[in-house]
Amino acid sequence: SERLVHSSKAVGEPPLFLGFSVFMALRDAVRAARVEHLGASAHAHFTLHSPATSERLRMACADRFARMAVELNGRGDVGSYVPKGSF
């Protein structure tokens, strides 16, 4: 039938990439915050897992409050901090 959809663009591709674009925008915002707070060392690799919860975003920014939480945690690495409620 000519009325059937023969392309994936009408089914699932646009919503998938719209959600992915939001995640990439959040990653770029975290990178900009790291440059602001850490300077030249901010260009190092960092990991941002999905879902990008507010706790994960905050810790990835590596500002002074995130570093204080890591010091209280005792592991010494911003990436090692696991906030309560995250999985």
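Nothing fancy with the numbering, it's 1 onward along the sequence.
- L26 CG to S50 OG: the interatomic distance, rounded to the nearest 0.5 Å, is 10.0 Å.
- The shortest distance between side-chain heavy atoms of E36 and D63 does not fall below 4.5 Å.
- The closest side-chain heavy-atom distance from V30 to R27 is not below 4.5 Å.
- The CG atom of L48 sits 12.5 Å away from the CE atom of M59 when rounded to the nearest 0.5 Å.
- The number of heavy atoms from other shown groups lying within 6.0 Å of CZ (F23) is above 12.
- Taking 4.5 Å as the limit, some side-chain heavy atom of S21 sits within range of a side-chain heavy atom of L18.
- From C61, atom SG reaches atom NE2 of H37 across 6.0 Å, with rounding to the nearest 0.5 Å.
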